[in-house]
Trainee: 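Supplied in structure tokens, the structure appears directly below.
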Amino acid sequence: MKELVLSLIRYRLVPSNSATKPVRVRFAPSPTGDLHVGNIRTALFDWAYARHTGGQFVFRIEDTDTERVTDEYIKAAQDTLKWLGLDWDEGPEVGGPYGPYLQSQRLDIYAEWAAKFLAQGDAYHCYCSSEELEARREAQKAANVAPGYDGKCRTISAEDLAKYKSEGRLPVLRMRMPDGSTTFNDSIRGDVTFDHNFVPDFVLVRGDGSPLYTLAVAVDDIMMKITHVLRGEDLLSSTPRQIRVYQAMGVAESDYPTFAHLPFVMGQDNAKLSKRNGEVSIAWYRDRGFLPEAICNYLALLGWSPGDDRENVTMKELTELFTVERVHSSPARFDMKKLEAINGDKIRELTLDELLKRTTPFLVKDGIISGTPEELAVVKSALPIIQERIATLAEVSQMLKFLFVVKFEVDAEELPKILDEQSQIVLKKTDEVLKGLASWDHDSIHVALKCALIEGLGLKPRIAFSAIRIAVTGSHISPPLFESLELLGRERSLERIAASIK
RNA sequence: GGCCCCGUCGUCUAGUGGCCUAGGACUCUGGCUUCUCAAGCCAGCUACGCGGGUUCGAAUCCCGUCGGGGCUACCA
């Protein structure tokens, strides 16, 4: 009953315009490196929200920082999203009615708005050099004043202007922040207010005429009719500037997007996860055998929860359950152990064919198999006994290596364990028993060895079978022994056992 | 330094004034499962940062404090 009431209340709280305005969410990374865990979590929430509401998911590339953004990273960002299953309705490759979706291809649009802002008096040319600005910032810091542009060029005398021009200075275009303050409602944090004393006039266009993020992000969100901006918390304090651009654009307040600033994903040491802190590249996880659905499931739980005790959610369930109301405001630490646990769970949910398809590339890459149909048939028959033993796909190589290795050798550190007297007795007996075995299947092998070693020699099972395990698989960690023997086949099994007898 | 955000087990979280002697998950520890390793099952450890208030009653509301983080660029 309580739940019903709550859901009714929540329903009422949904702004009325959401019914009339189709939801449009964007993920707009600046590909200055591989997309990392934090970016992906943002992308996932953006995607989930769009799918949940039946809205559009827009993928935009913010490549205004031409010094740092590269084509490779742009391509990699697309590949990563695709690999994770985060499909976009508008953006690179697929296009859309509000394109282009690369900011580098929208320069004329920004230039137009910049000219308008200048003409309107909302923005002004600033001729201060980097060195001058730097020096003044230092002075401000020394004087314990809030550092930031001091508004020097808001008014320039004719002679100064002439002087600057004669020096060949190229002006930046700076937005004029009026007195007062900006308050906006953040869906996750509530009302947030910034006094303009702490929001200095900011640069929209560089001296070379190229636009900055501050200009492009605001223009694009409006022109692409974005209704919801879900992004990292690091952009929270840039929101007043963005709103200032909306105002200069003449956008009605009711047409501003709704902001929701997602909490950070932190590294183990409690610092913001970044390229310098932790394994953050999604490619790294992919190469280690993490499943995209496991990564998404884990990341979904960082800063969000379905509300009940459920933790294993499919992508489809995520789109059904995801709401911004349930997103946390506090940062979350990234925990590899939990990711591994979820990855293991997801591996166990895979069908045999799916598991085969996904593990094959790892086996090939590790040189365990070359990928022939015969090899794949063996892999397929072996997968059921290791499916519940692996946490990542990459582990399959170590597990199945013994079935394919051409020149078999017991691991060096394991070898001493089967050279002792008792192990040798076990191996000799095993050799004897298995040689005469009529049917080579795990049940028959099990029964025969149990009878001979456990009952016959009175050995503890773990002692007896351990020696055989090492002799045949090369390691004391392996898939179940009798199934392993069956898969290996009579000939190779006996060969290895014989070789282990000194 | 200034502005802003944040603060429940080691970690992710449930919790929106009484259902909380605070629940779940991961990790860790112990046990069971008489082939290892896993998986599974059972048990255990461990949390409302601190101090005031409001209230019959506070993890939940208010104030302060401490701590963490972000921003403070012709980066995003």
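FYI, side chains are in, hydrogens and waters are out, and symmetry mates aren't considered; it's all heavy atoms of this structure. Note on naming: letters A, B, ... go to the chains in the order of the sequence lines (proteins, then strands), and numbering restarts at 1 for each one. These numbers were taken from a predicted model, which means no experiment stands behind them.
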Trainee: Between B/C20 and B/U33, how far is it from one C1' atom to the other, in whole Å?
Mentor: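 35 Å, rounded to whole Å.
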Trainee: Considering only residues two or more places apart or on different chains, which pairs with a residue in residues 135-150 of chain A satisfy salt bridge (charged side-chain N to carboxylate O under 4.0 Å, His left out)?
Mentor: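 Residue pairs passing salt bridge (charged side-chain N to carboxylate O under 4.0 Å, His left out), neighbours aside: A/Glu134-A/Arg137, A/Arg136-A/Asp150.
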Trainee: Anything under 3.5 Å between a protein N or O and an N or O of nucleotides 45-50 of chain B, put it in a table, one pair a line.
Mentor:
none

Trainee: For A/Tyr149, enumerate each residue passing the ring pair (Phe, Tyr, Trp, His ring centres under 6.0 Å) test, keeping only those at least two apart in sequence or located in another chain.
Mentor: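 Partners of A/Tyr149 under the ring pair (Phe, Tyr, Trp, His ring centres under 6.0 Å) test: none.
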Trainee: So if I take residues 304-313 of chain A and measure heavy-atom distances to RNA chain B, which residues fall below 4.0 Å?
Mentor: A/Ser305, A/Gly307, A/Asp309, A/Glu311
Trainee: Tell which nucleotide pairs with B/G51, taking only Watson-Crick or G-U wobble pairs whose two distances are both under 3.5 angstrom.
Mentor: B/C63
Trainee: Can you sort out the partners of A/His125 under ring pair (Phe, Tyr, Trp, His ring centres under 6.0 Å), two or more places apart, ordered by chain and number?
Mentor: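 A/His125 satisfies ring pair (Phe, Tyr, Trp, His ring centres under 6.0 Å) with no residue once adjacent residues are dropped.
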Trainee: My understanding is that only residues two or more places apart in sequence, or in another chain, count here; which of them pass side-chain contact (heavy atoms from CB on, under 4.5 Å) with A/Glu409?
Mentor: A/Lys407
Trainee: What integer distance in Å separates A/Arg41:CZ from B/C12:P?
Mentor: 12 Å
Trainee: Quick check on RNA chain B: between A/Leu302 and A/Thr193, whose nearest nucleotide comes earlier from the 5' end?
Mentor: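 With A/Leu302 and A/Thr193 compared, the 5'-side residue is A/Thr193.
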Trainee: Tell me the interatomic distance from A/Phe198, atom CZ, to B/C3, atom C1', rounded to whole angstroms.
Mentor: 6 Å
Trainee: Quick one: are A/Tyr73 and A/Leu35 in side-chain contact, heavy atoms under 4.5 Å?
Mentor: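 Heavy-atom side-chain distance check fails, nothing below 4.5 Å.
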Trainee: Do any side-chain atoms of residues 456-471 of chain A form donor-acceptor pairs under 3.5 angstrom with protein atoms, and if so which ones, sequence neighbours left out?
Mentor:
residue, atom, partner, partner atom, Å
A/Arg469, NH1, A/Ser478, OG, 2.8
A/Arg469, NH1, A/Pro479, O, 3.2

Trainee: Provide the full list of ring-ring contact (aromatic ring centres under 6.0 Å, His included) pairs with a residue in residues 167-187 of chain A, sequence neighbours left out, each pair given once.
Mentor: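 Output for this query lists A/Phe184-A/Phe259.
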Trainee: What pairs meet the salt bridge (charged side-chain N to carboxylate O under 4.0 Å, His left out) rule with one or both residues in residues 178-194 of chain A, with sequence neighbours excluded?
Mentor: A/Arg189-A/Glu233
Trainee: Polar atoms only, N or O, under 3.5 Å: list the protein pairs with nucleotides 6-10 of chain B and their distances.
Mentor:
none

Trainee: Would you tabulate the pairs of protein nitrogen or oxygen atoms and nucleotide nitrogen or oxygen atoms of nucleotides 35-37 of chain B closer than 3.5 angstrom?
Mentor:
residue, atom, partner, partner atom, Å
B/C35, O2', A/Arg469, NH2, 3.2
B/C35, O2, A/Arg469, NH2, 2.3
B/C35, O2, A/Leu481, N, 3.4
B/C35, N3, A/Leu481, N, 3.4
B/U36, O2', A/His476, O, 3.0
B/U36, N1, A/Arg469, NH2, 3.3
B/U36, O2, A/His476, O, 3.2
B/U36, O2, A/Ser478, N, 3.0
B/U36, O2, A/Ser478, O, 3.2
B/U36, N3, A/Arg469, NH1, 3.2
B/U36, N3, A/Ser478, O, 2.7
B/U36, O4, A/Arg389, NH1, 3.3
B/U36, O4, A/Pro480, N, 3.1
B/C37, O2, A/Arg389, NH1, 3.3
B/C37, N3, A/Arg389, NH1, 2.1
B/C37, N4, A/Arg389, NH1, 3.0

Trainee: Scan nucleotides 72-76 of chain B against the protein and return all N/O pairs shorter than 3.5 Å with their distances rounded to 0.1 Å.
Mentor:
residue, atom, partner, partner atom, Å
B/U72, O2', A/Pro147, O, 3.3
B/A73, OP2, A/Arg137, NE, 3.4
B/C74, O2, A/Gly207, N, 3.1
B/C75, OP1, A/Arg206, NE, 3.0
B/C75, OP2, A/Arg206, NE, 3.0
B/C75, OP2, A/Arg206, NH2, 3.0
B/C75, O2', A/Asp65, OD2, 2.3
B/C75, O2', A/Arg68, NH1, 2.5
B/A76, OP1, A/Thr64, OG1, 2.4
B/A76, OP1, A/Asp65, N, 3.4
B/A76, OP2, A/Tyr213, N, 3.0
B/A76, O3', A/Glu62, OE1, 3.3
B/A76, N6, A/Arg241, NH2, 2.8

